[in-house]
Amino acid sequence: MRWLRDNWIDALIFAVFAVTVVGIVLFLTGVNPFKARTPAPAPAPQVEQPRPQTPAAQPEAPAQPEETAPVTVVPLLPEAPEPQAPAEPVRPEPAQPATPAQPSTPAAPAPAQPAENPTGIFRVSVGAFGNPLNALALAEQLEARGYPVRLEPVGRVTRVVVGPYNNRAEAERAVAQLAKYEPQVYRGDTPPPTGRYLQVGAFKRLDSARAIVAKLREEGDWPVVLNYRRPWLKVWVGPVDDAEVADWKARLEALGFEVVEVR
């Protein structure tokens, strides 16, 4: 006991440590030493319940007829028919004699309308050329084939025309014959040329003008046009501005041409 008195602190520490270890082990193993074991209750004895007796089916009593009030049936009297007026006897109508069918009158044929063929003066344009030599060559070919040919100055271009024709039908026939030139029909006469020209020659034969036209084109490429109305073929230079008339005239005369001013 003396040792316990001298070392009671160490004993207390050892006891606390031992209790702690035991508590941890019990906690980990799930053992509770302080829990009292309760004895399991004994199973209750099973008592068999008596089955209820099913009463025997009783026969159903016959249904008693319900008392109903007597129904009195009253017969309906038929309605008296309304008096109707006596029908008038139908008188047969006398048969109408059949009307003979009228023969259909054929409609008179409409008079044929004459084809439009206005009269007047018609001409056919077959080409326009800036080079008067080309216009001259075409005019010679057409005149050799018997066409009435004219050469008309239009600005600085020479137009080749055939005609005149007294109606459009004749002009259209000429168009069909000269289709390769893409001809165009126009009505009336060509208006006179506008502007001022200088005439440098007049000939009665188409081929006579070829040399003078070629010379003018070589000597400065003058703007040359042709005016051909049978029997005269006139060689013109122009049109020329009013301010240049004197200068052009002097230059042409210097080349040896006889110049006549044309308005």
Side-chain angles (χ1 to χ4, degrees), residues 1-90 104 107 110 113 115-116 124-131 133-135 138 154-160 168 172 175-187 194-195 217 220-221 223 239 241 243-244:
M1 296 299 293
R2 183 179 179 181
W3 179 86
L4 184 61
R5 285 195 305 268
D6 295 336
N7 301 289
W8 65 270
I9 295 176
D10 295 335
L12 181 59
I13 293 173
F14 177 78
V16 171
F17 177 76
V19 171
T20 302
V21 171
V22 172
I24 292 173
V25 171
L26 294 177
F27 176 77
L28 293 177
T29 57
V31 177
N32 188 358
F34 303 101
K35 183 178 180 181
R37 293 185 179 182
T38 304
Q46 296 183 357
V47 179
E48 184 177 357
Q49 297 293 335
R51 296 181 180 181
Q53 297 295 329
T54 302
Q58 299 294 331
E60 296 182 357
Q64 297 295 330
E66 297 180 358
E67 294 184 359
T68 57
V71 178
T72 304
V73 179
V74 180
L76 297 178
L77 297 178
E79 296 181 358
E82 295 181 358
Q84 298 182 356
E88 296 182 359
V90 179
S104 58
Q113 297 294 334
E116 182 182 359
V124 180
S125 173
V126 293
F129 303 90
N131 186 347
L133 294 177
N134 296 335
L138 180 57
V154 182
R156 296 190 174 185
V157 174
T158 300
R159 181 166 59 186
V160 182
R168 181 175 289 275
E172 292 294 343
V175 168
Q177 296 169 357
L178 302 173
K180 67 178 181 179
Y181 299 107
E182 298 182 359
Q184 296 180 353
V185 178
Y186 67 94
R187 188 173 185 177
T194 58
R217 292 180 61 84
D221 194 16
D241 295 336
E244 297 179 339

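Atom set for the values below is all heavy atoms of this structure, side chains included, hydrogens, waters and symmetry mates excluded.
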Please name all residues satisfying salt bridge (Lys or Arg N to Asp or Glu O under 4.0 Å) with Glu172, sequence neighbours left out, ordered by chain then number.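 Testing Glu172 for salt bridge (Lys or Arg N to Asp or Glu O under 4.0 Å), a comparison that skips the adjacent residues, returns Arg168.
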Specify the closest pair of heavy atoms between [X] and [Y], including all atoms of both residues, with the distance to one decimal.
X	Y	value
Asn134	Phe129	CB-CD2, 3.7 Å
Arg217	Gly130	NH1-O, 4.3 Å
Gly155	Pro239	O-CD, 3.4 Å

Sole candidate of Val21, Val22, Leu28 that passes side chain to side chain contact (heavy atoms under 4.5 Å, CB included) when paired with Ile24: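 Single side chain to side chain contact (heavy atoms under 4.5 Å, CB included) partner of Ile24 among Val21, Val22, Leu28: Leu28.
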Okay, side chain of Asp241, backbone of Ala243: is any donor-acceptor separation there less than 3.5 Å?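 Flag not set: sc Asp241 to bb Ala243 has no pair under 3.5 Å.
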Taking atom CD of Glu244 as the centre, does the number of heavy atoms from other residues, nucleotides or ligands within less than 6.0 Å exceed 12?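 Yes, because the 6.0 Å sphere around CD of Glu244 holds more than 12 heavy atoms from other groups.
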Set of side chain to side chain contact (heavy atoms under 4.5 Å, CB included) partners for Val154, sequence neighbours left out: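 Counting only residues at least two positions away or on another chain, Val154 forms a side chain to side chain contact (heavy atoms under 4.5 Å, CB included) with Arg159.
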For residues Phe14 and Asp10, determine if any side-chain heavy atom of one lies less than 4.5 Å from a side-chain heavy atom of the other.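 A side-chain contact is absent here, since even the closest heavy-atom pair is not under 4.5 Å.
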Straight-line distance of Leu138 CG to Thr158 OG1, nearest 0.5 Å: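 The OG1 atom of Thr158 is 11.5 Å from CG of Leu138, to the nearest 0.5 Å.
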